[in-house]
Structure formats: structure tokens, C-alpha cells
Amino acid sequence: MAEVTFSGDLSAPDPVPEAGIEAAVRLLRDGRLFRYGEDRSSIPEAALLEQEFADYQGRKYCVAVNSGGCAIFLALKAAGVCAGDKVLVNAFTLAPVPGAISHAGADPVLVDINDRYVVDLEDLDRKAAESGAGFFLMSFMRGHIPDMDAVVEICARHGITMIEDCAHTMGGGWDGRLTGTFGKAGCFSAQTFKQINSGEGGLIVTDDEDLAARAILLSGSYMLYAQHRARPPMEAFERHRFSTPNCSMRMSGLVAALLRPQLASLDERNLRWRRIYDTLAAELAGIDGLVLPARPAEEDFAPTSMQFSVSPDLLDDGQLAHFIQDADAHGVHVKWFGATDPVGFTSRHDHWRYIDGSEAGAVPNADRILSRLCDFRLPLWLSEADCRTIAAVLKQAVAAARSVGNGSEKIRHTA
């Protein structure tokens with residue numbers, strides 16, 4: 001039988017819609033790219049985006065910043081995280097998340113995960129009681145959402161402030177409620193591979209007027225905070241303006257101009273992603289040894305990527321590395337969290353060596369799960385035929401890897 005190869009490029013982002021391009025060109029011709037200005041005759045693009053995103057989320061306040069990572073950092077600082085504080089965070093997340101905790105001068109305490117790739121509630125409850133942490137950074141890594149009612153209850157019982165990292169869940173939610181509305185603040189990303197794309201960009205939403213005022217001041221408002229539309233009352237700024245540093249992390253007007261038209265089509269785009277995911281899930285279900293996570297009915301996920309685990313009964317570690325290489329050679333670039341070294345947008349907690357391992361906490365389930373966890377991107381241009389081809393490549397790669405016997409030379413994953 002002839003080998004199957006996928007000819008598309010899963011790393012190719014979806015283009016910015018024409019309305020965003022036109023808005024950006026108009027702004028370039030006007031020249032007002034900075035989000036603030038002394039000309040009060042027009043409303044800055046960033047202020048309009050903040051109002052529109054606050055309305056979409058159903059939250060009072062929104063602050064637009066220059067990346068998802070700095071949105072997390074600013075939210076933590078604005079919520080009161082200080083140097084030396086402990087911040088709980090689920091162990092399956094992306095490097096900018098513990099990076100934001102470190103940036104805030106705090107220490108991450110890792111919480112284990114379960115086979116759905118989400119935070120383990122029992123471990124969260126235990127470490128909330130034992131760690132002395134006052135904050136929990138809930139990371140919806142790769143768009144997987146835990147039982148948020150249970151998470152909220154645990155945090156409330158232990159007096160813990162929750163900040164949500166919603167970089168992979170814009171428009172997603174739990175039991176009819178959007179992510180970014182459960183904690184004191186929600187942080188979002190507009191990096192190229194997220195639900196909306198401006199290359200870089202971040203958004204913070206909250207109902208807390210002091211957090212919002214401090215985040216605006218921290219982001220670098222130069223005392224021009226009155227130009228924000230989704231902002232707290234001016235009295236909130238008076239409480240903080242002389243004690244809050246300017247960290248220069250604003251979103252530019254150009255980024256906001258690119259994003260506003262995309263926000264209008266967010267729900268429709270998420271529906272398309274769900275259809276692609278469901279099609280691929282049905283195809284992968286027919287491949288022995290590839291295990292997809294359970295997705296409860298309450299989880300309204302917005303999947304820009306797809307994850308699966310490879311059973312150790314199917315492939316040993318050397319064969320799994322062979323599977324990754326064979327899939328890549330046939331056009332499907334699969335990322336493997338179990339690789340010796342972090343590659344691209346994958347990493348594990350043992351790669352973050354700036355974290356004090358003695359304080360971080362043991363996460364045995366995460367270690368087991370991540371050692372077998374694979375994922376790949378789901379661009380919106382994928383057709384049903386593309387999905388079938390991708391599944392055929394993965395099935396073919398499994399067969400090729402299984403043919404590599406235990407006595408054969410093992411292939412070290414390096415790309």
C-alpha cells in the first residue's frame with residue numbers, strides 16, 4: 001500500500017480578515033499608532049477593543065496589553081501578588097505562565113493534573129491547605145477546562161484568589177459560563193496561534209475596580225487613563241496612581257485595529273474549530289493505542305489544537321520517538337511533551353529550572369501523563385478530507401513505530 005503524506009502546513013496561521021487589514025491601513029495612514037493621544041476628537045482603537053471585549057465577556061473592565069504573558073504578570077501584580085508569595089498553578093501549562101509568576105517575584109507551587117489534562121481537584125484542595133499560597137493561577141492549557149464550580153468552591157474555602165489564564169479558551173466556557181469570569185481576573189492572548197490573531201497582544205478582564213485601575217497604571221497609561229472606556233471610576237486611580245510603577249506593557253492602536261473585526265467573528269470561528277476537532281476525534285478513535293481525553297458536556301471548549309496520549313502498551317519510549325519522526329516526515333508535525341528537551345511550544349515543569357524544586361511540589365500524575373502526551377495544531381482551513389489524511393498519516397506512523405523492535409536502535413526525538 002502506498003504511503004500517505006499530508007501536504008498542508010499545520011503551522012500556517014489563518015489570515016487576518018480583510019476588515020482588520022483595512023482598519024490597520026487606515027490607522028497607518030493616520031499615524032496615531034500609540035494607544036493614547038492628546039487629540040481628544042477620536043476614540044483610540046485600543047479603548048474601543050477594551051469596551052467590546054468587556055461587553056463580550058460580561059465583565060465591567062478590560063485592559064489591553066502587549067502579550068498574554070504580560071497580561072498574567074500584570075493581573076497577578078494588580079491582584080496583590082508580592083515578592084516571595086506562593087502561587088498555585090497546574091503543572092500542565094506553557095512556559096510563559098510560570099514565567100509570569102517568576103516575573104512577579106513569586107514562587108510557583110505546582111498542582112497535579114488528571115487524565116483529562118486538567119487540574120486535579122484533590123491535589124488542589126490539599127496544596128491549597130498545605131502550601132500557604134494566597135493565589136491560584138488557573139491555566140486552561142491547550143483549551144482543557146476543569147469543573148470550574150468545584151475549583152471556585154475550593155478557592156473560596158481556602159481564601160485563595162484565583163486568576164485565570166485563558167490564553168487557549170477565548171470564547172470557551174464551563175456549563176454556559178465563559179472562562180475569564182470565574183476568578184478575580186481573566187487573562188487572554190492574541191498571539192498568532194490563538195482564537196484571534198495580532199501576532200502578539202493580551203487582554204485582562206475583571207469586575208474589581210482596584211485591580212483594573214492598578215493594571216491600567218502598571219501597563220503604562222502616563223496619567224491618560226481617562227481615555228479608557230472600559231475603566232473603573234476615576235477615584236480608583238486616585239487611590240493608586242502615585243504608588244504604582246509604569247511597566248510600559250500597553251497594547252498599540254495598530255494591534256487593536258487588527259483584533260476588533262476578529263472579535264466580531266469569534267463565536268463562528270470557535271464553532272468551526274469544534275467541527276474540525278469532532279471530525280478528527282472520530283477518525284483518531286479508530287487508531288488503537290491513541291487515547292483522547294474525555295470532554296464532559298459542561299465543557300464548552302474552543303480547540304485550536306488537538307491532544308492525545310499514546311498508550312505504553314502500544315509503543316515504548318523509543319517507538320514513540322519513532323512515531324513522532326515518522327508522522328513529521330509525512331507532513332503531520334506532532335509535538336511531544338515527553339521529549340528530552342523542550343521544542344517549540346512544549347515544555348514540562350522539569351524544564352523550568354529557575355523554579356525551586358523543593359518548594360514546587362510533587363506532581364506524579366503530570367509526570368506520567370506528559371511523558372506520553374502529543375498534540376498538533378488545528379488551523380481553520382482544515383477540510384474533512386484533510387482530517388482523514390491526518391488520521392491516516394498517524395495510523396501509518398503507529399504501524400511504522402511498532403515495527404521497530406525492542407532490540408532496534410532507539411531514535412532520540414530532537415525536532
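Starting from 1, each residue takes its place in the sequence as its number.
Here the straight-line distance linking atom CZ of Phe53 with atom CG of Leu48 works out to 15.5 Å at 0.5 Å rounding. For the atom pair CG (Asp125) and SG (Cys155), the distance works out to 10.0 Å, reported to the nearest 0.5 Å.
At least one side-chain heavy atom of Glu299 sits less than 4.5 Å from a side-chain heavy atom of Trp174. Counting heavy atoms from C-beta outward, His333 and Asp328 have side chains that approach closer than 4.5 Å. Inter-residue side-chain proximity for Tyr56 and Val205 is flagged as unmet; no heavy-atom pair is nearer than 4.5 Å. Using a 4.5 Å heavy-atom cutoff, the side chains of Phe323 and Leu394 are in contact. Side-chain contact between Leu280 and Cys387 is present, with at least one heavy-atom pair separated by less than 4.5 Å. Residues Thr93 and Pro98 are in side-chain contact: their nearest non-hydrogen atoms beyond the backbone lie under 4.5 Å apart. In this structure, the side chains of Leu373 and Ser309 come closer than 4.5 Å at one or more pairs of heavy atoms. A 4.5 Å side-chain heavy-atom check between Leu10 and Val332 finds at least one atom pair inside the cut-off.
When all heavy atoms of Val4 and Ala392 are compared, the pair lying nearest together is CG1-CB, 4.1 Å. Smallest separation of non-hydrogen atoms from Ala71 and Leu203: CB-O, 4.1 Å. Among all heavy-atom pairs drawn from Arg116 and Pro296, the shortest one is NH1-CD, 3.4 Å. The minimum heavy-atom distance between Leu259 and Met251, with the atom names listed, is CD1-CE, 3.9 Å.
By the 6.0 Å and 45° rule, Arg295 stacks over the aromatic ring of Tyr277. Geometric assessment of Arg142 against the ring of Tyr117 yields a negative cation-pi assignment under the 6.0 Å and 45° thresholds. Annotation: cation-pi pair Arg250/Tyr36 absent, no NZ/CZ under 6.0 Å from the ring centroid and within 45° of its normal.
Using a cutoff of 4.0 Å between basic side-chain nitrogens and carboxylate oxygens, Asp317 and Arg372 are scored as salt-bridged. At a threshold of 4.0 Å, the pair Asp278-Arg275 does not count as salt-bridged, since none of the basic side-chain nitrogens sits closer than that to a carboxylate oxygen. The pair Asp300-Arg274 meets the salt-bridge criterion, since a charged nitrogen lies less than 4.0 angstrom from a carboxylate oxygen. Classification of Arg59 and Asp207 as a salt-bridged pair holds, one side-chain N sitting under 4.0 Å from a carboxylate O. A salt bridge is absent between Asp9 and Arg377; no separation between the charged side-chain nitrogens and carboxylate oxygens falls under 4.0 Å.
Although no hydrogens or angles enter the test, the distance criterion places no donor-acceptor pair under 3.5 Å between the side chain of His168 and the main chain of Ala302. Remark: side-chain polar atoms of Trp273 are not paired, donor with acceptor, to backbone N or O of Pro379 under 3.5 angstrom. At least one donor-acceptor pair under 3.5 Å links the side chain of Gln319 to the backbone N or O of Val404. In this structure, the side chain of Asp112 does not engage the main chain of Asp120 through any donor-acceptor pair within 3.5 Å. In terms of modelled atom types and a separation under 3.5 Å, the side chain of Glu164 and the main chain of Gly180 share a donor-acceptor contact. Counting only distance, with no hydrogens or angles, the side chain of Ser265 and the backbone of Glu268 share no donor-acceptor pair below 3.5 Å.
Each of Leu380, Thr304, Ile196 was checked for a side chain to side chain contact (heavy atoms under 4.5 Å, CB included) with Asp14, and the lone residue meeting it is Leu380. Across Arg229, Arg35, Arg260, a single residue satisfies salt bridge (Lys or Arg N to Asp or Glu O under 4.0 Å) together with Glu50, and that is Arg35.
Within 6.0 Å of CD in Glu384 there are 12 or fewer heavy atoms belonging to other residues, nucleotides or ligands. A 6.0 Å sphere centred on CD of Glu122 holds no more than 12 heavy atoms belonging to other residues, nucleotides or ligands. By the 6.0 Å contact criterion, CG on Asp149 is enclosed, its count of non-hydrogen atoms from other residues, nucleotides or ligands being greater than 12.
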(Q) Working note: Gln57 + Phe188, criterion side chain to side chain contact (heavy atoms under 4.5 Å, CB included); need CA distance, chi angles, decisive distance, verdict. (A) CA-CA 11 Å; Gln57 285 289 131; Phe188 296 82; 3.6 Å; yes
Q | Test log, rule side chain to side chain contact (heavy atoms under 4.5 Å, CB included), inputs Phe337 and Gln307 | A | CA-CA 10 Å; Phe337 281 86; Gln307 292 70 50; 5.6 Å; no
(Q) Assess the residue pair Ile390 and Phe376 against the criterion (side chain to side chain contact (heavy atoms under 4.5 Å, CB included)); give the C-alpha distance rounded to whole Å, side-chain angles, the decisive distance to 0.1 Å, and a yes or no. (A) CA-CA 10 Å; Ile390 290 169; Phe376 57 92; 4.1 Å; yes
Q: Go through the steps for Asp165 and Met141 under the test side chain to side chain contact (heavy atoms under 4.5 Å, CB included), then give the verdict.
A: CA-CA 8 Å; Asp165 162 31; Met141 176 62 167; over 6 Å; no
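Taking the six-membered ring for Trp and thresholds of 30 and 60 degrees, His144 and Phe92 have ring planes inclined between 30 and 60 degrees apart. By the 30° and 60° cut-offs, the orientation of the rings of His349 relative to Trp352 is perpendicular.
Between the side chains of Asp386 and Ser383, at least one donor-acceptor pair of N or O atoms lies under 3.5 Å.
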